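Since the structure comes first, as structure tokens, the remarks are kept for the end.
Quantities reported herein were computed from a predicted structural model and do not represent experimental measurements. Values reported hereafter were calculated over all heavy atoms of this structure, with side chains retained and with hydrogens, waters and symmetry mates removed. Labels below follow one simple rule: chain letters A, B, ... track the order of the sequence lines, proteins then strands, and each chain is numbered from 1.
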Amino acid sequence: EAEVAQSPRYKITEKSQAVAFWCDPISGHATLYWYRQILGQGPELLVQFQDESVVDDSQLPKDRFSAERLKGVDSTLKIQPAELGDSAMYLCASSPRMNTEAFFGQGTRLTVV
Amino acid sequence: KQEVTQIPAALSVPEGENLVLNCSFTDSAIYNLQWFRQDPGKGLTSLLLIQSSQREQTSGRLNASLDKSSGRSTLYIAASQPGDSATYLCAVEVGGGADGLTFGKGTHLIIQP
């Protein structure tokens, strides 16, 4: 069964360091999302791609966060520098196209110390 | 701004009971609604997707209904089992698809053996 792959599963980093997360969506899925989930809350959208283009990054803290999907397949989310408040689960999801069923990966649990 | 509320926040019931989880949203102009399951420390598993033109969807012991005009959805779980213990999240997507999914905070469900 096709899955959204994310790595690493867990990451501990020191404040002010750089950190990067990788996502490989289900093959053929044009739409890719990055969400952040704080413990006890629902996920919140950070950035949405359609193929290689960003269609929504209004909630992405652009002073420290960046995301890319250069060839319209896999994607990388970067934080530089990391802050204590960035500790959360970072979830990647994909869907065949916009407004269709979304499938999530297992997430990356980030702890900033 | 779309807001999604899930009631109750937590629920504990004996095995075998039928139960209902509630989801409400403030803006009825949605394109679809999706129910997810999340196990502790894991990603989200898609359970059911209801298009705005549909009234309900069924999968095994799960049935989800949608009343778009009143901004409500329910997830019905029949004959609950301990393996159903998880957090259940409701999410809505607006037309155009450029805003991703807006999530509620979830209902934490415990099924007692």
Side-chain angles (χ1 to χ4, degrees), chain A residues 1-7 9-10 21 23-26 29-51 53-60 67 88-111, chain B residues 1-10 21 23-26 29-54 57 59 64 66 68 73 86-108:
Chain A
E1 183 176 321
E3 294 182 344
V4 176
Q6 288 189 248
S7 66
R9 285 293 313 277
Y10 306 94
F21 314 128
C23 172
D24 191 11
I26 293 173
H29 281 197
T31 308
L32 184 147
Y33 315 82
W34 284 100
Y35 288 85
R36 178 169 60 183
Q37 185 179 27
I38 297 169
L39 194 62
Q41 304 291 315
E44 294 184 337
L45 181 70
L46 291 173
V47 61
Q48 178 178 340
F49 291 90
Q50 181 67 22
D51 299 311
S53 300
V54 173
V55 296
D56 184 5
D57 63 356
S58 58
Q59 300 303 310
L60 189 71
M89 175 78 88
Y90 290 82
L91 294 159
C92 179
S94 70
S95 60
R97 56 192 180 281
M98 289 192 290
N99 290 139
T100 58
E101 188 174 8
F103 298 88
F104 281 74
Q106 289 299 301
T108 295
R109 167 70 68 187
L110 173 67
T111 302
Chain B
K1 178 185 175 183
Q2 178 76 266
E3 293 185 1
V4 179
T5 302
Q6 291 189 245
I7 295 173
L21 308 182
C23 171
S24 62
F25 45 94
T26 54
I30 65 167
Y31 195 87
N32 60 49
L33 183 146
Q34 201 165 348
W35 282 94
F36 295 90
R37 168 188 173 136
Q38 187 173 31
D39 294 292
K42 300 292 181 64
L44 279 63
T45 300
S46 177
L47 297 174
L48 290 164
L49 171 73
I50 310 178
Q51 301 289 352
S52 61
S53 59
Q54 298 174 318
Q57 283 286 345
S59 176
L66 174 63
K68 184 180 167 183
S73 176
T87 296
Y88 290 79
L89 292 155
C90 166
V92 299
E93 187 171 23
V94 300
D99 296 325
L101 291 165
T102 300
F103 283 85
K105 293 183 178 181
T107 293
H108 181 54

Note to self: Would A:Y35 and B:L44 count as a side chain to side chain contact (heavy atoms under 4.5 Å, CB included) here? Give the steps.
What the structure shows: CA-CA 11 Å; A:Y35 288 85; B:L44 279 63; over 6 Å; no

So do B:L47 and B:R37 actually touch side chain to side chain, heavy atoms under 4.5 Å? yes

Cut-off 4.5 Å, heavy atoms of chain B, and the answer for A:R97 is neither

Under 4.5 Å to a heavy atom of chain B? For A:T100 that would be backbone

Sorted by chain and number, sequence neighbours left out, side-chain hydrogen bond (donor to acceptor under 3.5 Å, both in side chains) with A:Q50 holds for A:T31

Sorted by chain and residue number, the side-chain hydrogen bond (donor to acceptor under 3.5 Å, both in side chains) partners of A:E101 (sequence neighbours excluded) come out as B:S46

Cut-off 4.5 Å, heavy atoms of chain A, and the answer for B:Q38 is side chain

Whatever's closer than 4.5 Å to a heavy atom in chain A on B:L89 counts as side chain

